[in-house]
Each structure stands twice: as structure tokens, then as C-alpha cells.
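Along the sequence shown, the residues carry numbers beginning at 1. Atoms within each ligand, like the ligands themselves, are counted from 1 in listed order.
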Amino acid sequence: ITGHFSWEKYLKETGSQPAPPHCFRQSCSPPSNDYKIGMKLEAQDPRNTTSTCIASVVGLTGARLRLRLDGSDNKNDFWRLVDSSEIQPIGTCEKSGDMLQPPLGFRLNASSWPMFLLKTLNGAEMAPAKSFHKEPPSPTQNNFEIGMKLEAVDRKNPHFICPATIGEVRGSEILVTFDGWRGAFDYWCRYDSRDIFPVGWCSLTGDNLQPPGTKVAIPKSPAPAAGIASGILRGPKTLLPGVPGRRRRKPGRKKGQLPKALVHQ
Ligand code: MLY
């Protein structure tokens with residue numbers, strides 16, 4: 001393997017600061033992940049959040065579970081923290097007087113749901129109550145500032161957690177920008193989103209932190225070298241000579257290889 005990503009080195013190289021842990025709706029000591037593949041639990045259907053469904057743990061990564069709703073296909077897996085308020089032990093729904101629902105896109109005829117439910121729960125290994133952790137409280141206000149570094153779920157590829165930077169702050173919302181990906185994966189979310197983590201989270205939980213992308217950012221406003229209104233005439237995405245836009249790889253660096261600065265020696 002090539003060298004892994006080092007926050008320490010990266011923060012120095014980029015001259016940036018991590019967002020302080022109190023900015024996040026995350027526990028300062030991450031919850032333990034005591035689940036096992038195959039265990040069943042109740043989960044909110046992400047595609048129909050008023051439904052409580054049966055889910056199976058199909059994967060484990062750091063403090064997260066990869067879940068699949070029973071009766072659904074394998075194309076709609078989703079990830080939840082073990083301290084998510086959207087998961088609960090089997091039996092919780094019934095105790096509250098509600099009924100377990102088939103997932104959106106239930107593979108069988110709706111009329112076969114009661115029998116399917118019976119069969120899927122019969123002999124199932126249910127995740128024990130002690131493996132569910134209380135969701136941490138939300139910070140009382142948005143304490144993020146532009147430029148702060150963090151770790152964030154790539155919502156287009158939610159199994160990935162990646163180095164990111166606060167790009168903008170607007171009221172309760174923040175723009176999460178992914179380092180080295182030219183904006184392609186950026187998103188807005190609330191400051192108390194469960195998809196964002198303090199620097200060092202993945203190393204604490206044993207989750208896998210992706211290295212930053214290697215794509216060079218397109219500058220927001222071109223350097224004012226080519227005269228007044230050049231930006232207007234050319235449009236914002238046109239590259240001016242001397243602006244570090246789409247640079248070629250340095251000679252000697254192979255395609256897909258990280259720049260030296262990003263590799264832990
Ligand atoms: N196959 C995808 C993966 C991109 C993932 C980007 N994340 C990590 C920000 C692609 O190359 O587009």
C-alpha cells in the first residue's frame with residue numbers, strides 16, 4: 001500500500017484548522033459498535049420516513065452500520081451511526097402501539113406482508129438493547145466557520161468518509177466541500193447533521209477515512225490580470241493564463257498517484 005492520509009501533515013501543509021469537536025452533534029468519545037452481521041433491528045425507512053421497518057445489519061464500519069430493509073432489494077442499503085435516533089430494538093414499534101411497515105419497494109405483494117414479517121423475525125438474531133446508544137444532543141448554535149476542516153460522509157457514496165472543509169456558513173446551514181474534488185460532491189446541511197465529524201473521528205472509530213481527491217480546485221474569481229470585465233466576458237469557468245486550473249500531473253507522478261505532500265512518508 002502507498003502511504004495513508006495524515007491529518008497532522010495535511011493541516012500543516014494547507015495551513016488550516018480543524019473545526020472544534022463542540023461544533024458537532026457527535027459524542028466526544030465515539031460509541032462502541034457491538035453489532036454483528038445478520039442482526040436485526042427496527043429502522044426508519046429512509047425513503048419513507050414515517051415508516052418503521054425491519055432492517056438487517058449487512059456491514060459494519062467504525063461506529064456505523066450498513067443496513068438493508070427486510071423485503072427490499074440490495075440496491076438501497078443505507079448507513080446509520082450506532083447512536084442514531086433512527087434505529088431501535090425490535091419490539092419498540094409495537095410497544096408504542098405502532099405497526100411495522102413493509103419497506104418502500106417491497107418485493108412481494110402487499111398482502112403477503114404479515115406472513116413475510118412473521119417469517120423474517122422467526123429465529124432471527126435481534127440486536128440487544130445495550131448495543132443501541134443514546135443520540136448525543138445538538139450543539140445550541142452553529143459554531144462552524146469558513147475554512148475549518150472536518151470529516152464528512154460523501155452523500156453520493158455514503159460508505160465513504162472524506163476530508164472536507166467548511167465552504168460557507170448561512171444561519172443554521174453549512175456548505176460541506178470535499179477536498180480535491182472540485183465541488184462535485186459538495187452539499188449543504190445543518191450544523192447538527194449526523195453526517196459530519198471532527199478531525200480524527202475515523203481514526204478513533206476505526207472507520208476508513210478516504211484521502212483527499214487529487215483534482216485541483218477551479219478558482220472562484222479569476223486573477224484580475226487580463227483587464228477589467230475579463231471575468232464577465234469569459235464567464236467564471238474559463239481559465240486564464242497563469243491561473244492554476246487544470247494542471248497536468250508533475251512529471252514522474254503516475255495517474256492516480258497522490259502528490260508527495262499527501263503521502264505519509
Ligand atoms: N467512482 C467515483 C467515486 C468518487 C468518490 C468521491 N468522494 C470520495 C468524494 C468517482 O470517481 O467519481
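Under a 4.0 Å N-O distance rule, the pair R194/E86 does not qualify as a salt bridge.
Under the 4.0 angstrom criterion, atom 10 (C) of ligand 1 counts as lacking any protein heavy-atom contact. By the definition of a contact as any protein heavy atom under 4.0 Å away, atom 7 (N) of ligand 1 is in contact. Counting protein heavy atoms under 4.0 angstrom from atom 2 (C) of ligand 1 gives zero.
Using the six-membered ring where Trp is involved, W181 and F185 have ring planes that are perpendicular, over 60° apart on the 30 and 60° scheme.
Between the side chains of Y187 and D195, no donor-acceptor pair is found at a separation under 3.5 Å.
Partner of R68 under the salt bridge (charged side-chain N to carboxylate O under 4.0 Å, His left out) criterion, chosen from D45, D77, D73: D77.
Scanning the protein heavy atoms around atom 12 (O) of ligand 1, the nearest turns out to be F185 CZ, 3.9 Å.
Listed by atom number, the atoms of ligand 1 under 4.0 Å from N157 heavy atoms are 5 (C).
Heavy-atom neighbours of Q17 CD from other residues, nucleotides or ligands within 6.0 Å: at or below the threshold of 12.
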